[in-house]
Chemist: 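One structure follows; several queries about it will come next.
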Amino acid sequence: MSLKKYILPLLLASSGSAAIAQAPAALPFEEVQKEVFGVEPGKNSMSNSWADFDHDGHLDFAVSLKNGEVRLYHYEHGKFVNVGPAMGLPQKGSYEIRGVSWGDYDGDGWADLLLGPTDPKELTKILHNDQGKGFTEVSAKLGLTIPGRSARQSSWVDYDNDGRLDLFASDRVGKNRLFHNDGGSFHQVFADGPLTTFKSTVGACWLDYDKDGDLDLFLANQSGQTDSLLRNDGKAGFVDVAPALGMNSPGRPKEEGGVGCAVGDYDNDGNLDIFEPIYGKNKLWHNNGDGTFTDVAEKMGVATDHHSVGASWGDYDNDGMLDLFVTTYVGAPGQQEPKDELFHNEGAKGFVDVLLNGGPLNQADHGVQWVDYDKDGGLDLSITDNYGPTGGHPLFHNTLPAAQKRSLSVLVTDAKGHLTKAGSEVRLYDKQGKILATRQVSTGDGYNSQNAGPVTFGLTSMAPVKVEVTFMSNHGRKVQTITKIDPTLYRGKSLVVAEK
């Protein structure tokens, strides 16, 4: 879709930062259910994580508030209703909860929920999903109370490809920890390796950067700490290759550092890139396809310099190119104000910020997720506001015309039909075999938030495509291909690809 619909002629910034428009036009979003997603002062919002917790075919979402409450919004009859109290979620507490993450840790087909504390004196809560009828707290039984942790991102991933979801717990004030799923309980692994270090870790993203069939880990680290890219060497553990690849960002002042990370193939070359929002200048790590990365943030116009927090990739206008929403704030403590960015992807020309520091979308400073909650073919936007005087968790519906809601939703499952394949990759090809786009089944992004749902591809046409899904395995990358997929047959539903 042409950008002309959104903004008037642009004045390009000569510094390489995002282009700045003289005046905005309307973006294709409208805020919905303001009375539901607003909160009273003091209950400001932090994490927002999406999953279909009750198997009704619609994505629901959990939101953590500053007073310890966790809301669970169930989508029913075209509206969201908070069912948190009825489902046994915390309604108040003495501490903040972050790192909210869905994961089917016991493989029973129902998404369970992790709640991580900000205060290291408190304990992690694991809420077992009782078949969509409620939740039971089981963290002590599983060995996952994780004492001393200040949680940000929590990642349910199968790092060793044994078919069970393990847990990576990043830590803002202590050592990161990886817990192996033994089937009924968990135990910490690689406690003496570079993965288990104190680096003030905030952002954690898993991806198979070296294409060997297992998930590696990028860590965005705060407080002047260097970043890490931990290569997964199987039973031998993890090796930090960031210094050798020039990705560790040395020499930061103490007030700067990585805050989040988001994985996406922004240039449709088939390789997964990493955007890193930073207290300081953002980075965009372009994947060169040979096991190396290059920071192209300046060149592509996303190297803004302030307090960026969360980021999420999504093709909101269905032009076939991934766009990027970045939650950001400016101001001294107690005076923070949102300065969000919506970077529209202009291909080789780079990105253009079409938000222009204003408008109704400029409300976020923490979690952000793109999600097609009503399955109409347009990506909607879910954000959270922690620092605002009446911070809430606004939801914006995508109002593109029906004819422009061209997309294909793909749901990747294991052989049992369960959602345990985080980190798998999905690619689309046209009938000539040219790659159109790549998506990753999310391992967590957006800043202590997550989307445990299908991946969505914006399409320039509804012509048939080939779908290729890459699964991780101890025998290398396993590829499954489905040809002649007609996107028109999947309006309002997902193409389901189960691992064979």
Chemist: So that I can tick it off, tell me whether Glu425 and Arg477 are bridged by a salt bridge, with the cut-off set at under 4.0 angstrom between side-chain N and carboxylate O.
Modeler: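 Glu425 and Arg477: salt-bridged.
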Chemist: Asp171 pairs by salt bridge (Lys or Arg N to Asp or Glu O under 4.0 Å) with which of Arg177, Lys199, Arg152?
Modeler: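 So the option named by the test is Arg177.
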Chemist: Could you go through the ring-ring contact (aromatic ring centres under 6.0 Å, His included) check for Phe61 and Phe80 one step at a time?
Modeler: CA-CA 9 Å; Phe61 72 114; Phe80 285 93; 5.5 Å; yes
Chemist: Using a strict cut-off of less than 4.0 Å between a Lys/Arg side-chain nitrogen and an Asp/Glu carboxylate oxygen, indicate whether Lys421 and Glu499 qualify as a salt bridge.
Modeler: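 Counted as a salt bridge, because a side-chain N and a carboxylate O are separated by less than 4.0 Å.
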Chemist: Flag the pair Lys466 and Glu468 as a salt bridge only when some basic side-chain nitrogen lies within less than 4.0 angstrom of an acidic carboxylate oxygen.
Modeler: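 Glu468 and Lys466: not salt-bridged.
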Chemist: Do Asp162 and Arg164 meet the salt-bridge criterion of a basic N to acidic O distance under 4.0 Å?
Modeler: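 Salt bridge flag = yes for Asp162 with Arg164.
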Chemist: Is the closest basic N to carboxylate O distance between Asp486 and Lys484 below 4.0 Å?
Modeler: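 So Asp486 does not pair with Lys484 through a salt bridge.
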Chemist: Could you check whether Asp227 pairs with Arg252 (Lys NZ or Arg NE/NH1/NH2 to Asp/Glu carboxylate O, under 4.0 Å)?
Modeler: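 Counted as a salt bridge, because a side-chain N and a carboxylate O are separated by less than 4.0 Å.
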Chemist: Between Phe275 and Val326, is a side chain to side chain contact (heavy atoms under 4.5 Å, CB included) present by the stated rule, with each step listed?
Modeler: CA-CA 10 Å; Phe275 177 78; Val326 184; 3.8 Å; yes
Chemist: Which residues pass the salt bridge (Lys or Arg N to Asp or Glu O under 4.0 Å) test with Lys121, sequence neighbours left out?
Modeler: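 Here the qualifying residues are Asp119.
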Chemist: Cut-off 3.5 Å, no hydrogens considered: what does the side-chain donor-acceptor table look like for residues 135-143, sequence neighbours left out?
Modeler:
unit_1	atom_1	unit_2	atom_2	d
Thr136	OG1	Asp130	OD2	2.7
Glu137	OE1	Ser139	OG	3.4
Glu137	OE2	Ile126	N	3.3
Glu137	OE2	Ser139	N	3.0
Glu137	OE2	Ser139	OG	2.4
Ser139	OG	Thr124	O	3.3

Chemist: Does one side chain, of Thr328 or Ser308, offer a donor that lies under 3.5 Å from an acceptor on the other?
Modeler: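 A donor-acceptor contact under 3.5 Å links the two side chains.
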